[in-house]
Amino acid sequence: MRLHIANGRLVTPAGILDSDLLCTDGIISAILDRGAEVEADERYDAAGKLVFPGFIDPHVHSRDPGMSHKEDFDHSTHGALVGGVTTVLEMPNAIPPVDSVEVFEERRRQHEQSAWTDFGLWGLALGDANIDQIGPMFDAGAVAVKLFWGYALHRETRSLVYNIGDEKPENLLMPPPNGQVLQLFAEVAARGGVLAAHCEDKDVLASSQEALGHPIETYADLLAARPAVAEATTISIAAQFAKETGCRFHVVHLASEQGLDAVRSAKRNGISVSAETCPQYLTLTDAEYPRVGPVMKVYPPVREQKDQDALWEGVNEGLISSLGSDHAPHTVEEKARGFETQPAGAVGCETFGPVLLDAMFRGRTTPERLAEVVATDTAKFYGLYPRKGVIRPGSDADLVVVDPELRRTVRNEELVAKQPVSPWNGFALHGGPVATVLRGEIVVRDGEIVGERRGRFVRADHTAAAGDRVSA
Ligand code: DOR
Ligand code: ZN
C-alpha cells in the first residue's frame with residue numbers, strides 16, 4: 001500500500017520542507033521533490049496545509065477498566081485520533097491499577113482490542129509495596145512509571161482520592177514516605193527507566209487548606225489551598241533524589257512559574273529533571289473561571305496569566321520538553337457539582353491537538369517547536385524514537401494534516417468523549433487537523449473516522465543511544 005501526500009508543507013523541528021511524502025506499507029519511504037511523479041495507491045492533496053508528525057499524547061487516563069462509566073479506551077483513542085494524536089500513552093490508575101507486570105500484560109491485551117491509536121502503557125509506582133515490579137514492568141515495555149506524589153489512594157482500589165475529607169482515614173493509603181521514594185528513584189535508575197510524578201507536596205497542601213480556614217468555595221480558595229509552592233517543593237526534593245541516584249525524573253502537568261523555576265535550577269545544576277505541561281495551563285487562567293466554571297477544576301490547578309506566560313517561555317526555550325492532555329474524565333453530573341466535592345480532572349485528548357494548534361496560529365509558539373515538543377521530543381523521552389515522532393524515511397508513517405484556514409468552535413455536544421464536558425466548550429479555534437494518517441493509512445478525514453480500528457501496542461525501548469534522548 002503506497003500513500004502519496006502531495007503539495008504539503010512538512011513540519012520538522014529543524015524547519016519546514018516544501019516536499020512531498022511517500023509512505024509504503026505503513027512506513028515513511030521517501031521525502032520527494034515537489035511535483036515528483038510517483039506511483040501510489042492513494043494520493044492526498046495537501047496544498048495549503050501543514051503536515052506534522054502524528055501527535056503523541058503521553059498523559060491519558062482512560063478509566064478503563066473499573067470506571068468505564070466515565071470513559072473507556074475506545075472513546076479516548078477515537079477522540080485522540082480525530083484531534084491528530086496517533087499515539088497515546090495510557091496512565092496506570094484504572095482499576096485495577098497497572099502496578100505489576102501481570103496487570104501490565106493484561107491491560108496491553110485488553111487495550112489492543114479497542115485502540116484507535118497506537119498506544120504505550122505507564123506503570124504505577126507505590127513505593128516499597130511494588131518496588132519489585134518496577135524492573136519487570138520496564139522489561140515488558142513500560143514507557144515510564146508514575147508516582148502520585150501528594151495524592152492519597154483508596155486502600156482497596158488504589159484509585160485517587162480527590163477530596164481527602166470525603167474518605168474515612170482507614171480507607172486512605174497515603175503517598176510513600178520520602179525514604180521509600182528515594183529507594184524508588186534508585187530502582188528506576190538501575191533499570192534505565194523514567195520516573196514521573198504528580199508534584200504537589202501533601203504537607204504543604206494540608207497546611208494551606210487549614211490556613212484557608214473554610215471549605216473551598218471560590219476559585220481563589222482553590223488556588224490558596226493548592227499553592228504553587230507545593231509544586232516547587234516536591235520538584236526540589238525530586239531534584240535532590242535525581243542527583244543522588246542518577247534517575248531521570250519527569251514532572252507531569254507542570255502548572256506554575258515557581259515550579260518551572262525549580263526545574264530550571266535543577267537543570268542548571270546538571271540534574272536530569274524534565275517537565276511536561278498541558279493545554280489547560282497554556283490556554284486558561286483564573287481569569288477565565290467565570291466563563292469556564294467549575295469544570296476547570298484540575299490538579300494542580302490552572303493559575304494566573306504570569307504562570308501561563310512562564311510556561312510558554314518554558315516550552316519555547318526547551319525547558320518543557322513534552323506536552324500531554326492529562327485527559328481525566330469524570331461524569332457530567334460530577335463536573336456540574338460545586339468545587340468542594342467535585343473530582344479534579346478534565347476531558348482533553350480530543351481537543352489536545354486543536355487547542356495547541358490554535359495557540360500556535362495565535363503566535364504562542366512556532367510550528368517547528370510544536371512538532372518537536374508534541375512529537376519528536378516526547379517520542380525520544382519515552383523510548384519510542386525513531387519509530388515514532390518524526391517525519392523521516394524508516395519511521396512509522398504517522399501524520400496529521402493541518403489546515404491553517406479551518407475555523408471550529410468546540411462544542412460539548414460534538415465531542416467523542418463518553419462524558420462530553422470540556423473546559424474549552426464554546427472556544428473558537430483557529431486552524432486545525434483535517435486528516436490523520438496512522439501507519440500509512442488515512443484514518444480520519446474532516447473529523448470523521450474513515451479507516452479501520454488498528455491501534456497497536458508500542459513497546460518503549462529505553463536502551464536507545466543517549467544522543468537520541470531528551471532528558472536534562
Ligand atoms: O486533575 C487531575 N485528575 N489531576 C491528576 O493528577 C489526576 C487526574 C485524574 O486521574 O483524575
Ligand atoms: Zn494525570
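Order of listing sets the numbers, starting from 1, for every ligand and every atom in it. Owing to the predicted nature of the structure, the values given are computational and were not obtained by experimental measurement. Counting begins at 1 with the first residue of the sequence.
Aromatic pair Phe138/Phe104: centroids not less than 6.0 angstrom apart.
Of all the atoms in ligand 1, the ones that sit under 4.0 Å from a non-hydrogen atom of Asn93 are 10 (O). Per-residue contacts place His61 under 4.0 angstrom from the following atoms of ligand 1 (heavy atoms of the residue considered): 10 (O). Using a 4.0 Å cut-off to heavy atoms of His330, the atoms of ligand 1 that qualify are 11 (O). Within ligand 1, the atoms closer than 4.0 Å to a non-hydrogen atom of Leu160 are 7 (C), 9 (C), 10 (O), numbered from 1 in the order shown.
None of the N, O or S atoms belonging to His198 lies under 2.8 Å away from the Zn ion (ligand 2). Among the atoms of His253, no N, O or S atom falls under 2.8 Å of the Zn ion (ligand 2).
In terms of N/O distances under 3.5 Å, ligand 1 is not approached by Val298.
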Please assess Gln113 against His111 for the test side-chain hydrogen bond (donor to acceptor under 3.5 Å, both in side chains), listing each intermediate value before the final yes or no. CA-CA 5 Å; Gln113 307 304 311; His111 286 347; over 6 Å; no

Applying side-chain hydrogen bond (donor to acceptor under 3.5 Å, both in side chains), run through His59 and His253 and close with a yes or a no. CA-CA 9 Å; His59 195 150; His253 50 50; 4.8 Å; no

Decide ring pair (Phe, Tyr, Trp, His ring centres under 6.0 Å) for Trp116 and His78; before the verdict, give the C-alpha distance in whole Å, the side-chain angles of both, and the deciding distance to 0.1 Å. CA-CA 5 Å; Trp116 286 96; His78 176 169; 5.6 Å; yes

Report the C-alpha distance between Ser325 and Asp57 in whole Å, list the side-chain angles of each, state the deciding distance to 0.1 Å, and finish with yes or no for side-chain hydrogen bond (donor to acceptor under 3.5 Å, both in side chains). CA-CA 6 Å; Ser325 68; Asp57 185 348; 2.6 Å; yes

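No cation-pi contact links Arg303 to Tyr281, judged by a cut-off of 6.0 Å to the six-membered ring centre and 45° from its axis. Figure legend: Arg291 and Phe427 shown as a cation-pi pair, the cationic atom lying under 6.0 angstrom from the six-membered ring centre and within 45 degrees of its axis. Relative to the six-membered ring of Phe381, Arg248 meets both conditions, a distance below 6.0 Å and an angle of at most 45° to the axis.
The parts of Ala344 lying near ligand 1 are both backbone and side chain, judged by heavy-atom distances below 4.0 Å. Looking at Lys297 against ligand 1, nothing comes within 4.0 Å, counting heavy atoms. When non-hydrogen atoms are compared, ligand 1 lies under 4.0 Å from neither the backbone nor the side chain of Met91. Heavy atoms of Val252 found under 4.0 angstrom from ligand 1: none, in either backbone or side chain.
Listed for the Asp398 side chain is no donor-acceptor partner under 3.5 Å among the backbone atoms of Thr86.
Closest to atom 1 (O) of ligand 1 among all protein heavy atoms lies Tyr299 N, 2.9 Å. Atom 6 (O) of ligand 1 has its closest protein heavy atom at His198 ND1, 2.9 Å. For atom 11 (O) of ligand 1, the nearest protein heavy atom (residue, atom name, distance) is Tyr162 OH, 2.6 Å. Remark: minimum distance from atom 5 (C) of ligand 1 to any protein heavy atom is reached at Tyr151 OH, 3.4 Å. Distance from atom 8 (C) of ligand 1 to its nearest protein heavy atom, with residue and atom name: Ala328 CB, 3.6 Å. Here the protein heavy atom with the shortest distance to atom 10 (O) of ligand 1 is Arg63 NH1, 3.0 Å.
Salt-bridge formation is detected for the pair Asp261/Arg264: a Lys NZ or Arg NE/NH1/NH2 atom is positioned less than 4.0 Å from an Asp or Glu carboxylate oxygen.
When distances from the Zn ion (ligand 2) to the N, O or S atoms of Asp326 are compared, OD1 comes out shortest. Within His59, NE2 is the N, O or S atom that lies nearest to the Zn ion (ligand 2).
In this pair, Tyr162 and Tyr299 present their aromatic rings tilted. The plane angle is within the 30 to 60° band.
Counting heavy atoms from C-beta on, the side chains of Glu90 and Trp122 never come closer than 4.5 Å.
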